[in-house]
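These notes concern the structure reproduced below.
Residues take their numbers from the sequence shown, with the count starting at 1. None of the values given here were measured: they were computed from a predicted structure.
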Amino acid sequence: MLERIFDIDNPVWRAVDKIGKIFLLNLVWVICSLPIFTMGAATTALMYSSMKLQQNEGYWYKNFFHSFAQNFKQATGIFLIYLLAGILLVADFILGGQQGGTFGMVLQCGAGIIAVPYLLSLLYVFGVQAKFVNPVKATIRYAFFVSLHNLKGTIQMVLLMALFIWVNTLTQLANYLTIIYGFGLIGYCMAAYQRKAFEKYIKPEEDADVSGDFEKPEKESDEYFLEQNRLAMDGGREKDQLEGKIGKGNEED
């Protein structure tokens with residue numbers, strides 16, 4: 001009886017171990033995000049290490065800092081792009097409200113239309129950056145396409161984020177719990193949706209040796225991924241270089 005209780009493979013202990021690791025990931029993410037401009041690299045590392053934690057691969061801290069260092073430059077650039085775009089969208093909404101009339105309505109409607117792909121791509125962009133090798137422009141574009149081709153998961157992610165934000169508007173206690181644990185937990189949940197979405201575009205037999213290409217969707221009009229987009233190398237190794245070209249379906253659009 002005692003052996004079962006203290007067995008490290010006991011489901012209870014495994015759950016406690018995972019809860020503890022999510023707490024530590026939250027702590028490291030908060031610390032690494034303090035300079036603000038490093039938030040993109042920290043979020044990419046959180047997505048990567050959360051995916052690995054779900055698959056019980058490697059040590060959480062090695063996965064986090066490996067991804068943080070490897071993706072720092074590009075993830076920071078992506079974060080700054082989204083930050084600037086977000087500021088401009090908010091400014092348009094505010095300016096449109098102040099202007100009023102037809103001009104103000106046009107400003108707000110335009111900002112609202114742009115905000116849709118902005119928010120949808122934002123849900124996936126750091127997961128794409130963590131998992132695949134692409135230029136910045138392609139990473140953002142693919143993040144948006146993944147959100148559209150996985151609508152069920154995307155809707156669930158939107159609802160989850162809305163719930164997370166709503167809970168944090170209720171009491172200060174929720175804010176404290178978020179700082180202590182919430183960011184790591186929401187990152188872990190979002191990584192689960194993203195990992196499931198990414199599996200659709202990776203050939204299983206090639207995923208095992210970490211050098212797989214995206215599988216082409218059945219319809220030619222949906223061939224939006226690069227034909228030879230390499231997976232991020234695991235186990236502390238570097239990512240492969242990008243190869244390939246845009247699918248014909250995307251060129252025709």
Side-chain angles (χ1 to χ4, degrees), residues 29 33 38-52 54 67-68 70-89 112-162 164 183 186-202 207 212-217 221-232 239-240 242 244-247 249-251 253:
W29 182 87
S33 297
T38 60
M39 191 174 291
T43 303
T44 299
L46 177 61
M47 294 296 103
Y48 180 80
S49 53
S50 293
M51 292 180 196
K52 292 298 182 184
Q54 290 160 15
S67 181
F68 184 84
Q70 186 181 52
N71 295 287
F72 182 84
K73 183 177 180 179
Q74 187 158 316
T76 299
I78 291 172
F79 172 75
L80 294 177
I81 290 172
Y82 274 88
L83 179 62
L84 178 60
I87 291 173
L88 292 175
L89 287 173
I113 292 172
I114 297 173
V116 173
Y118 171 85
L119 293 173
L120 290 179
S121 63
L122 183 58
L123 289 173
Y124 288 89
V125 70
F126 294 111
V128 173
Q129 174 62 32
K131 190 70 176 174
F132 304 105
V133 179
N134 288 303
V136 171
K137 184 179 179 181
T139 296
I140 294 173
R141 184 169 68 253
Y142 298 156
F144 176 61
F145 287 143
V146 170
S147 71
L148 294 181
H149 284 254
N150 297 274
L151 277 179
K152 182 178 179 181
T154 300
I155 292 172
Q156 292 175 351
M157 290 170 70
V158 170
L159 293 176
L160 182 62
M161 287 300 300
F164 177 72
F183 292 119
I186 195 70
Y188 184 86
C189 293
M190 300 291 275
Y193 283 107
Q194 293 178 19
R195 185 171 63 86
K196 184 178 180 180
F198 297 156
E199 288 175 352
K200 299 179 181 179
Y201 310 107
I202 301 171
D207 190 24
D213 299 339
F214 281 115
E215 285 186 339
K216 296 181 181 179
S221 60
D222 293 336
E223 293 180 358
Y224 54 84
F225 281 119
L226 294 182
E227 292 179 358
Q228 294 185 1
N229 188 345
R230 297 298 180 181
L231 286 171
K239 290 183 178 180
D240 286 337
L242 174 69
K245 58 183 179 179
I246 302 296
N250 197 41
E251 289 178 349
D253 294 338

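With sequence neighbours excluded, the residues that form a side-chain contact (heavy atoms from CB on, under 4.5 Å) with L148 are L120, F144. A197 pairs by the side-chain contact (heavy atoms from CB on, under 4.5 Å) definition with Y124, V146, N150, not counting sequence neighbours. Listed by chain and number, the residues in a ring-ring contact (aromatic ring centres under 6.0 Å, His included) with F164 amount to none (sequence neighbours excluded). Evaluation of the ring-ring contact (aromatic ring centres under 6.0 Å, His included) rule for F72 yields F68 as partners, not counting sequence neighbours. A search for side-chain hydrogen bond (donor to acceptor under 3.5 Å, both in side chains) contacts involving T139 returns nothing, not counting sequence neighbours. Legend: residues meeting side-chain hydrogen bond (donor to acceptor under 3.5 Å, both in side chains) with S121, ordered by chain and number and at least two apart, are Y82.
Here the closest heavy-atom approach between residue M47 and residue A130 is recorded as CB-CB, 4.4 Å. Smallest separation of non-hydrogen atoms from S147 and T154: O-OG1, 2.8 Å. Considering every non-hydrogen atom in both A115 and L89, the closest pair reads CA-CD1, 4.0 Å.
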Worked check of side chain to side chain contact (heavy atoms under 4.5 Å, CB included) between M161 and M190 = CA-CA 9 Å; M161 287 300 300; M190 300 291 275; 3.7 Å; yes

Apply side chain to side chain contact (heavy atoms under 4.5 Å, CB included) to the pair F198 and M51, showing each step before the final yes or no.
-> CA-CA 11 Å; F198 297 156; M51 292 180 196; 3.7 Å; yes

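Side-chain contact between M157 and Q194 is present, with at least one heavy-atom pair separated by less than 4.5 Å. Residues Y188 and Q54 form a side-chain contact, since some pair of their non-hydrogen atoms from C-beta on lies under 4.5 Å apart.
To the nearest 0.5 Å, the span separating OG on S33 from CZ on F79 amounts to 8.0 Å. I155 contributes atom CD1, which lies 13.5 Å from atom CG of L160 (distance to the nearest 0.5 angstrom). To the nearest 0.5 Å, atom CG of residue L122 and atom CD1 of residue I140 are 10.0 Å apart. Separation of atoms CZ (F183) and CG (L46) is listed at 10.5 Å; rounding is to 0.5 Å.
The only option from N134, T43, T44, N71 that meets the side-chain hydrogen bond (donor to acceptor under 3.5 Å, both in side chains) definition with Q129 turns out to be N71.
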